[in-house]
Every structure is written in structure tokens, then in C-alpha cells.
Amino acid sequence: MAAFKELVFSGVQPTGNLHLGNYLGAIRRFVEMQARDAQCLYCVVDLHAITVWQDPDALRGQIREVTAAFLAAGIDPKRSIVFNQSQVPQHAELAWIFNCVARLGWLNRMTQFKEKAGKDRENASIGLYDYPVLMAADILAYRATHVPVGEDQKQHLELTRDIAQKFNTDFAAAIAAQGHEGGFFPITEPLIGGPAARVMSLRDGTKKMSKSDPSDNSRINLTDDADAIAQKIRRAKTDPEPLPSELPGLKERPEADNLVGIYAALAGRSREDVLREFGGAQFSTFKPALADLAVSSLAPIAAEMRRLSADPGHIEAVLADGAERAEAIAQETLDAVKDIVGFVRRRRA
Ligand code: TYM
């Protein structure tokens with residue numbers, strides 16, 4: 001296998017209502033990845049957003065808002081590359097080539113398409129069906145080796161690996177002839193883990209916390225103020241039992257498990273460790289402690305997002321700089337891919 005340079009890529013859709021699940025499952029971990037000695041690229045995936053209808057003015061605002069959330073959470077745009085997908089045309093270009101590598105049967109198995117399209121499948125956009133192929137192009141345009149995401153993206157990342165593998169196999173001779181040893185695309189590692197890989201709804205511990213849940217009380221939004229955060233935690237569904245002292249005691253108690261997981265992730269501790277402290281406590285003790293922790297972690301991010309959002313010019317300058325740096329890497333990949341596939345490409349002077 002070729003030795004690929006460690007490179008981290010991940011994306012977030014600008015579809016409104018960034019919530020605690022997006023933060024703990026993804027954005028906060030993006031910040032942690034910056035400490036590694038690797039280039040990180042963090043992308044606002046606006047091409048993915050339009051796979052379902054978006055109001056154009058709202059979309060523009062949401063692209064800036066996700067960018068502001070990245071920066072407010074601690075992503076440093078000098079160190080990492082922060083950009084929006086539509087400014088780097090190589091993503092869509094590579095997606096087309098991957099459309100000719102991926103198989104219909106693979107996409108037919110994607111559970112997220114089935115959930116999102118629902119019963120009215122015939123009326124879903126072709127973009128929604130093709131969504132995971134574009135995701136593979138996002139990642140592989142940079143030949144990314146590591147992708148931090150929440151658990152709901154696991155199947156999409158498996159598809160990315162299948163596409164990379166099939167491309168490497170289908171074009172093995174051309175890849176070797178171009179001097180790339182051991183395959184052109186890396187087999188990307190998903191980084192899914194920690195106590196918040198799947199944050200659940202505050203109203204129903206068996207449902208994922210989601211942007212599209214009609215109940216605003218089901219999620220903590222990154223833009224919520226301290227009062228809203230505390231109130232949503234106070235009202236979160238629980239059961240009447242006190243917290244157990246050990247992990248097996250959380251089995252069959254999805255709401256308790258979720259709140260303990262959120263506490264653990266916010267505090268940078270394990271669930272076991274949190275139970276050692278709160279085992280035997282009632283929710284009337286645990287919830288205020290969780291609310292304090294959530295407010296002290298999230299309120300500064302919301303305040304910084306508000307401050308950054310007051311200066312759209314700055315946000316757009318960050319995106320333009322990021323796009324330029326991203327494009328330089330993606331273009332190199334595309335040039336090589338075109339040579340491998342057998343296109344006659346324009347030679348740059
Ligand atoms: P999106 O915008 O739906 O979600 C962004 C990130 O948040 C994670 N996430 C959660 N994590 C834990 N608990 C939850 N309840 C929760 N809800 C969302 C998601 O797993 C994700 O990491 N398809 C991606 C965007 C994308 C992408 C990519 C990601 C496009 N191209 C390339 C990685 C690499 C998505 O829908 O994200």
C-alpha cells in the first residue's frame with residue numbers, strides 16, 4: 001500500500017439549526033484534530049444542501065453561519081482550510097467521474113436516502129440519491145486519510161472506501177503507469193467515536209437529535225442563549241429512577257444514557273467516570289449540573305458566532321482564502337485522475 005500523507009477532511013451542511021449533536025459529534029472533534037500534525041480541511045457543503053429545497057437568501061445566511069460556528073468553536077482558518085464546497089468546482093467534477101465508478105446497487109442500499117426520501121421516493125431529487133457519491137468526491141479530491149464524523153455517516157464513509165477501492169482496481173494498470181505505487185486513492189479511515197458519536201433527541205432517547213425535528217425542544221441549538229439551554233435540559237425527558245453507578249445500569253434507559261453521554265462529552269470524560277460521580281443521584285441533581293456545564297461550554301460559542309456574524313465581509317474573506325488553498329490541492333488530484341482515466345487534458349503553460 002502506498003504511504004499517504006495524513007490529511008483530515010470533514011463537512012457540515014448549511015441547512016439551518018446547527019445543534020449539540022453537530023457540535024459534539026463533529027465540530028468539536030474538528031478542533032481537536034487541528035492539534036495533530038496533519039492538514040485539516042473543513043467544508044461547508046452547500047452543494048449537498050441543495051439536494052433538498054433551500055431558500056436562496058436563507059442558504060447564503062446559513063453558509064455564513066456554519067462558517068461562523070467553525071471559527072467560534074476554535075477552528076483556526078490559518079492552520080486549517082475552511083471553505084464552502086461550491087467555490088471549488090473540482091468536487092462536482094470528481095463526483096461525475098465517481099458516478100461512473102459507483103454502482104446502482106451500492107446506492108440502493110443507502111439507508112439515509114431511504115429515510116430522507118420517505119414514501120415519496122419518485123419525487124426525491126436525483127441529487128439526494130447521488131449525495132453519497134458527491135461526499136466521496138469531497139473526501140477523495142484531497143486524498144483524505146481521516147474523516148471525523150458522527151455515527152450517522154458511517155455507511156456513507158463505507159461507500160467512499162468502496163469507490164476508492166474500485167477506482168484503484170479498475171485503473172490499476174494506468175495508476176501504476178503514472179507512477180503511483182499501491183493505488184491512487186487512500187482507503188479513508190472514518191473517525192467515529194467518543195461518548196457523543198450519536199446524540200439523541202431530548203424528547204425521545206430513541207431518535208437522533210436532528211435539524212429537521214419539528215420540536216425545537218428536542219435539540220440544543222448552537223445559537224441558543226443560556227436560558228434556552230437550561231430550560232431545554234430541565235424539560236428533557238427522563239425516567240423516574242436515580243442514575244446507576246455503573247455502565248450496564250444505563251441499558252434500556254435511552255434518555256438517561258443520552259444525558260450522561262452529553263455530560264461526558266462536554267466534560268471530556270468517559271460515561272463510566274460521570275457515573276462514578278453521579279451514581280445514585282436523582283435527575284433533580286444531575287440536570288442542573290448538566291445545564292451549568294452546557295451553558296458554560298456553549299454560551300461563549302453562541303456569543304462569538306453572533307460577533308462574527310456581524311461582519312459577513314470577514315467570513316467571506318475566510319471562505320475565499322480557504323477555497324483558493326483547497327482548490328490548489330484538488331486540482332492536482334483532478335489532473336492526475338484525468339490522466340489515469342484517459343482524458344486528454346489541457347496542458348497548463
Ligand atoms: P450534517 O450536516 O448532517 O452533520 C454534520 C456532522 O454532524 C454529525 N451529526 C451528529 N453527531 C452526533 N449526534 C447527532 N445527533 C448528529 N447529527 C449530526 C454528522 O455525523 C456530521 O459529522 N453528509 C454529511 C456532510 C458531508 C461530509 C462530507 C462529511 C458532506 N461531505 C465529507 C464528511 C466528509 C452530513 O450530512 O452532515
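Atoms within each ligand, like the ligands themselves, are counted from 1 in listed order.
- Residue Tyr131 has at least one nitrogen or oxygen atom sitting less than 3.5 Å from a nitrogen or oxygen atom of ligand 1, judged on distance alone.
- Set against the non-hydrogen atoms of Ala26, the atoms of ligand 1 under 4.0 Å away are 6 (C), 7 (O), 22 (O).
- The distance between the ring centers of His91 and Phe83 falls below 6.0 angstrom.
- With hydrogens and angles disregarded, no donor-acceptor distance shorter than 3.5 Å links the side chain of Asn221 to the backbone of Asp224.
- Annotation: atom 25 (C) of ligand 1 to nearest protein heavy atom, Gly11 O, 3.5 Å.
- For ligand 1, one of its N or O atoms has an N or O atom of Met209 under 3.5 Å away.
- Residue contact annotation: His19 has a non-hydrogen atom under 4.0 Å from ligand 1.
- Using a 4.0 Å cut-off between heavy atoms, Ile139 contacts ligand 1 through its side chain alone, with no backbone atom that close.
- Interface of Lys211 with ligand 1, defined as ligand atoms under 4.0 Å from a residue heavy atom, comprises 2 (O).
- Remark: ligand 1 and Gly25 share no N or O pair separated by less than 3.5 Å (distance only, no angle test).
- Contacts of Asn22 with ligand 1, taken as heavy-atom pairs under 4.0 Å, involve both backbone and side chain.
- Protein heavy atom closest to atom 19 (C) of ligand 1, with residue, atom name and distance, is Asp152 OD1, 3.3 Å.
- When only interatomic distances are considered, the shortest N/O to N/O separation between Gly21 and ligand 1 falls below 3.5 Å.
- Of all atoms in ligand 1, listed by their number and element, those nearer than 4.0 Å to a heavy atom of Phe9 are 32 (C), 34 (C).
- Phe185 contributes atom CZ, which lies 5.0 Å from atom CG of Leu94 (distance to the nearest 0.5 angstrom).
- Within the 3.5 Å criterion, the main-chain N or O of Gly194 finds no donor-acceptor partner in the side chain of Arg29.
- Ranking protein heavy atoms by distance to atom 15 (N) of ligand 1, first place goes to Val199 O, 2.8 Å.
- In terms of polar-atom proximity, Gln112 is not counted as a contact of ligand 1, lacking any N or O under 3.5 Å from an N or O of the ligand.
- Interface atoms of ligand 1 facing His48, defined by a heavy-atom separation under 4.0 Å, are 30 (C), 31 (N).
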Exercise for review: Might you work through the salt bridge (charged side-chain N to carboxylate O under 4.0 Å, His left out) test for Asp204 and Lys237, ending with a clear yes or no?
Suggested key: CA-CA 7 Å; Asp204 177 351; Lys237 187 177 167 200; 5.3 Å; no
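- The main-chain N or O of Asp216 is found under 3.5 Å from a side-chain atom of Lys232 such that the two form a donor-acceptor pair.
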Exercise for review: Walk me through it: do Arg253 and Glu241 pass the test salt bridge (charged side-chain N to carboxylate O under 4.0 Å, His left out)?
Suggested key: CA-CA 10 Å; Arg253 296 180 66 189; Glu241 303 297 318; 5.9 Å; no
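- Contacts of Met200 with ligand 1, taken as heavy-atom pairs under 4.0 Å, are absent altogether.
- At distances below 3.5 Å, not a single donor-acceptor pair connects side-chain atoms of Thr51 with backbone N or O atoms of Leu128.
- Between atom OG of residue Ser218 and atom NZ of residue Lys211 there is a gap of 13.5 Å, rounded to the nearest 0.5 Å.
- With a heavy-atom cut-off of 4.0 Å, Val45 touches ligand 1 through its side chain alone.
- Every residue meeting the side chain to side chain donor-acceptor pair (under 3.5 Å) condition with Asp257, not counting sequence neighbours, appears here in chain and number order: Arg271.
- Residues Val274 and Phe283 share a single hydrophobic cluster, defined by chaining ILVMFWY side chains whose heavy atoms lie under 4.5 Å apart.
- Listed by number with element, the atoms of ligand 1 under 4.0 angstrom from any heavy atom of Val12 are 2 (O), 5 (C).
- In this structure, Asn217 and Arg235 approach most closely via the heavy-atom pair ND2-NH1, 3.9 Å.
- Below 3.5 Å of separation, one finds no N or O of His156 facing any N or O of ligand 1.
- With a 4.0 Å heavy-atom cut-off, ligand 1 is reached by no atom of Cys43.
- Closest to atom 12 (C) of ligand 1 among all protein heavy atoms lies Ala197 O, 3.2 Å.
- Nearest to atom 31 (N) of ligand 1 among the protein's heavy atoms is Asp138 OD2, 2.7 Å.
- Close approach of ligand 1 to Gln13 (heavy-atom distance below 4.0 Å) involves ligand atoms 2 (O), 3 (O), 36 (O).
- To the nearest 0.5 Å, the span separating CD1 on Ile262 from OG on Ser297 amounts to 11.5 Å.
- Shortest non-hydrogen contact noted between Pro242 and Gly280 is CB-O, 3.6 Å.
- For atom 28 (C) of ligand 1, the closest heavy atom belonging to the protein is Met135 CG, 3.2 Å.
- Of all atoms in ligand 1, numbered sequentially from 1 with element shown, those under 4.0 Å from a heavy atom of Ala196 are 12 (C).
- For atom 22 (O) of ligand 1, the closest non-hydrogen atom on the protein side is Gly150 N, 3.2 Å.
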For a quick test of your reading: what N or O donor-acceptor pairs under 3.5 Å do the side chains of residues 70-79 make, sequence neighbours left out?
| residue | atom | partner | partner atom | Å |
| --- | --- | --- | --- | --- |
| Asp76 | OD1 | Lys78 | N | 2.8 |
| Arg79 | NE | Gln34 | O | 3.4 |
| Arg79 | NH2 | Gln34 | O | 2.9 |

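- In summary, the atoms of ligand 1 found under 4.0 Å from a heavy atom of Lys208, numbered by their order in the structure, are 15 (N).
- Smallest separation of non-hydrogen atoms from Ala323 and Val88: O-CG2, 3.8 Å.
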